[in-house]
Visitor: 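Following this message is one structure expressed as structure tokens.
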Amino acid sequence: MRHLSVPTDRAQEIIEIIRANDWQSSEFRIHQIEENKIVIPLSDEFPDILPENIIGDIVYINPISNPQNHGSWKEIFEKEIGQEMFSRLDDRLSTGHEIIGDIMIQPAHRFSDEIPDYVDALVRAKMQTHPRIRLTLFDYGVKGKFRVRDLEVAAIRLDKILQGNELEEVPVELLNSETIIKESGLQIHLDPREVYYSGKLENERLETTRKLLHFRDEINRPLAVCDLYCGVGPNLAHLLSHHGLTGSILANDLNPACIPYLFRNLSPLKSLSVSEIDGILQVTEEIQVANMDALVLASDRNQHGCWDVLFVNLPHDSLEHLPHLIHLLRKDTPSIIRGWSILPTDELSTLSDRLFSILPNRCSHSDISFKVRKQYGATKSMVGFWIRIQPE
Ligand SMILES: C[S@@+](CC[C@H](N)C(=O)[O-])C[C@H]1O[C@@H](n2cnc3c(N)ncnc32)[C@H](O)[C@@H]1O
């Protein structure tokens with residue numbers, strides 16, 4: 001049977017990714033095969049090609065049964081509520097959950113009356129198969145310009161799983177939704193009720209780091225990186241884990257709740273206490289932190305011509321903001337824009353022309369590339385794009 005063999009010192013982190021994606025076969029046991037290797041039994045849903053954020057080797061060995069196997073969450077749910085109800089669940093409700101640290105985010109809609117029994121049963125079944133989940137939150141979609149999810153506590157695990165009216169008795173401190181995500185050996189702190197975060201972008205961050213390592217080697221000096229919509233700083237945290245990859249950094253987000261998390265997530269800031277950020281603050285010799293509207297920040301002439309790399313991650317508005325951000329880039333050496341955008345799928349064929357028209361004198365079509373990262377139904381797509389800007 002297919003197992004993933006992983007080094008013991010990375011095992012916990014990889015098990016979390018595997019479980020978050022429902023890729024572990026719960027019927028069989030994780031066990032050690034060599035002094036420094038453990039194997040994880042894989043479910044049929046595990047992809048044929050190893051995802052980039054997972055290290056290890058696929059091996060075929062005899063599985064060991066798991067005596068404590070309670071079954072998959074589907075089996076537990078069906079036993080309680082019946083197969084018919086399971087077949088009537090829509091995909092978003094059944095498989096759309098996301099695990100962020102010790103929190104599970106369960107897509108939902110506001111129920112007009114009480115939360116139906118089958119929804120509570122669904123949450124319970126998922127928490128039973130994911131014993132490390134402390135808190136489950138119903139997700140009613142993103143709200144406002146900070147793209148923060150509208151979340152409500154659905155269940156907490158104390159000595160047992162509490163839901164519905166039982167939650168009224170739970171002290172509010174215990175319902176705290178701050179959590180820590182382990183991503184590629186990094187720890188990222190955040191509270192999904194206050195800030196934007198998507199674990200699904202981890203592969204994007206790995207690709208970004210890989211390409212920027214090449215770019216650093218090409219221009220032969222540490223990169224000056226400006227992340228104008230940095231959230232809690234996952235892109236920068238990845239870059240900072242590579243010694244000598246970055247020089248100056250500007251980390252900005254309009255959401256004030258992101259700022260304290262930057263001080264916890266960006267390694268050079270960890271020992272510093274957060275002071276009030278009003279405008280742009282030079283926090284260390286190399287790092288500036290700001291809590292500003294990116295367009296206002298981009299109009300500050302002190303920042304013009306300073307940056308080798310610009311992250312533009314405001315998917316609904318990236319293309320509208322882009323023309324106002326160009327003068328932040330250095331003019332004497334090549335520079336890179338790494339961005340993400342959500343756009344109507346039928347506009348994908350003209351995206352390259354559109355990006356080119358924003359920067360006609362500083363790039364050619366061959367300097368522009370993009371990949372579709374996610375499909376929103378048939379009508380919208382999220383793309384990740386790269387633009388290489390030539391010196392002036
Ligand atoms: C899609 S999130 C990306 C966050 C982060 N780069 C990441 O990958 O996790 C967009 C971020 O832009 C911030 N934002 C929204 N409007 C902004 C603006 N006008 N200027 C600066 N930041 C803004 C939001 O608060 C949010 O954190």
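Atoms within each ligand, like the ligands themselves, are counted from 1 in listed order. The shown structure was predicted, so the numbers you read here are calculated from the model rather than taken from an experiment.
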Visitor: Side chain or backbone of R147 under 4.0 Å from ligand 1, or both, or neither, by non-hydrogen atoms?
Guide: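 Under 4.0 Å from ligand 1, R147 contributes no heavy atoms.
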Visitor: Heavy atoms only, cut-off 4.0 Å: how does C230 contact ligand 1, side chain, backbone, both, or neither?
Guide: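 Within the 4.0 Å criterion, C230 contacts ligand 1 through backbone atoms alone.
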Visitor: What class does the angle between the rings of Y140 and F138 fall in, given that below 30° is parallel, 30 to 60° is tilted and above 60° is perpendicular?
Guide: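 Correct class here is tilted.
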Visitor: Looking only at side chains, do T379 and T345 share a donor and an acceptor under 3.5 Å apart?
Guide: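 Distance-only check fails for T379 and T345.
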Visitor: P315 heavy atoms, cut-off 4.0 Å: which ligand 1 atoms fall inside?
Guide: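 Here the atoms of ligand 1 in question are 1 (C).
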Visitor: Are any of the N/O atoms in L254 less than 3.5 Å from those in ligand 1?
Guide: yes
Visitor: Considering D317, N313, L190, V142, which one's heavy-atom position lies nearest to atom 10 (C) of ligand 1?
Guide: N313
Visitor: Identify the closest protein heavy atom to atom 20 (N) of ligand 1: which residue and atom is it, and at what distance?
Guide: A294 N, 2.9 Å
Visitor: Which protein non-hydrogen atom lies closest to atom 19 (N) of ligand 1, naming both residue and atom, and how far is it?
Guide: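 The closest one turns out to be D293 OD1, 3.3 Å.
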Visitor: Distance to 0.1 Å, residue and atom name: give those for the protein heavy atom nearest to atom 6 (N) of ligand 1.
Guide: Y229 O, 2.7 Å
Visitor: Among L135, I156, I133, find the one that has a side-chain contact (heavy atoms from CB on, under 4.5 Å) with M127.
Guide: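 That would be I133; it is the only one of L135, I156, I133 passing the side-chain contact (heavy atoms from CB on, under 4.5 Å) with M127.
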Visitor: Considering both backbone and side-chain atoms of D253, is one of its nitrogen or oxygen atoms within less than 3.5 Å of a nitrogen or oxygen in ligand 1?
Guide: yes
Visitor: Run the ring pair (Phe, Tyr, Trp, His ring centres under 6.0 Å) test against H243 and tell me which residues pass, sequence neighbours left out.
Guide: none
Visitor: Ligand 1 and H321, any nitrogen or oxygen pair closer than 3.5 angstrom?
Guide: no
Visitor: Please list the nearest protein heavy atom to atom 14 (N) of ligand 1 with its residue and the distance rounded to 0.1 Å.
Guide: L314 CD1, 3.8 Å
Visitor: Identify the protein heavy atom lying closest to atom 2 (S) of ligand 1, giving its residue, its atom name and the separation to 0.1 Å.
Guide: Y196 CD2, 3.3 Å
Visitor: Which is it for N252 and ligand 1 at heavy atoms under 4.0 Å: side chain, backbone, both or neither?
Guide: side chain
Visitor: Short list, please: which atoms of ligand 1 are under 4.0 Å from a heavy atom of L228?
Guide: 21 (C), 22 (N)
Visitor: So do D367 and I389 actually touch side chain to side chain, heavy atoms under 4.5 Å?
Guide: no
Visitor: Which is closest to atom 7 (C) of ligand 1 by heavy-atom distance: A251, A257, P234?
Guide: P234
Visitor: For ligand 1, which atoms, with element, lie under 4.0 Å from some heavy atom of M292?
Guide: 20 (N), 21 (C)
Visitor: Step through the shown structure and confirm whether more than 12 heavy atoms of other residues, nucleotides or ligands are within 6.0 Å of NZ on K145.
Guide: no
Visitor: Once you restrict to heavy atoms under 4.0 Å, what part of V195 touches ligand 1? Side chain, backbone, both or neither.
Guide: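 No part of V195 is near ligand 1 at this cut-off.
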Visitor: Side chains of Q12 and K182: do they bring a donor and an acceptor to under 3.5 Å?
Guide: no
Visitor: Relative to each other, are the rings of H97 and W73 parallel, tilted or perpendicular (30° and 60° limits)?
Guide: perpendicular
Visitor: Could you please spell out the steps behind the salt bridge (charged side-chain N to carboxylate O under 4.0 Å, His left out) verdict for R205 and E52?
Guide: CA-CA 10 Å; R205 298 190 253 280; E52 230 181 302; over 6 Å; no
Visitor: With clusters defined by side-chain heavy atoms of hydrophobic residues (ILVMFWY) lying less than 4.5 Å apart, directly or transitively, does L4 cluster with M1?
Guide: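 No, separate clusters.
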Visitor: May I ask you to check whether F356 and H365 place their ring centres under 6.0 Å from each other?
Guide: yes
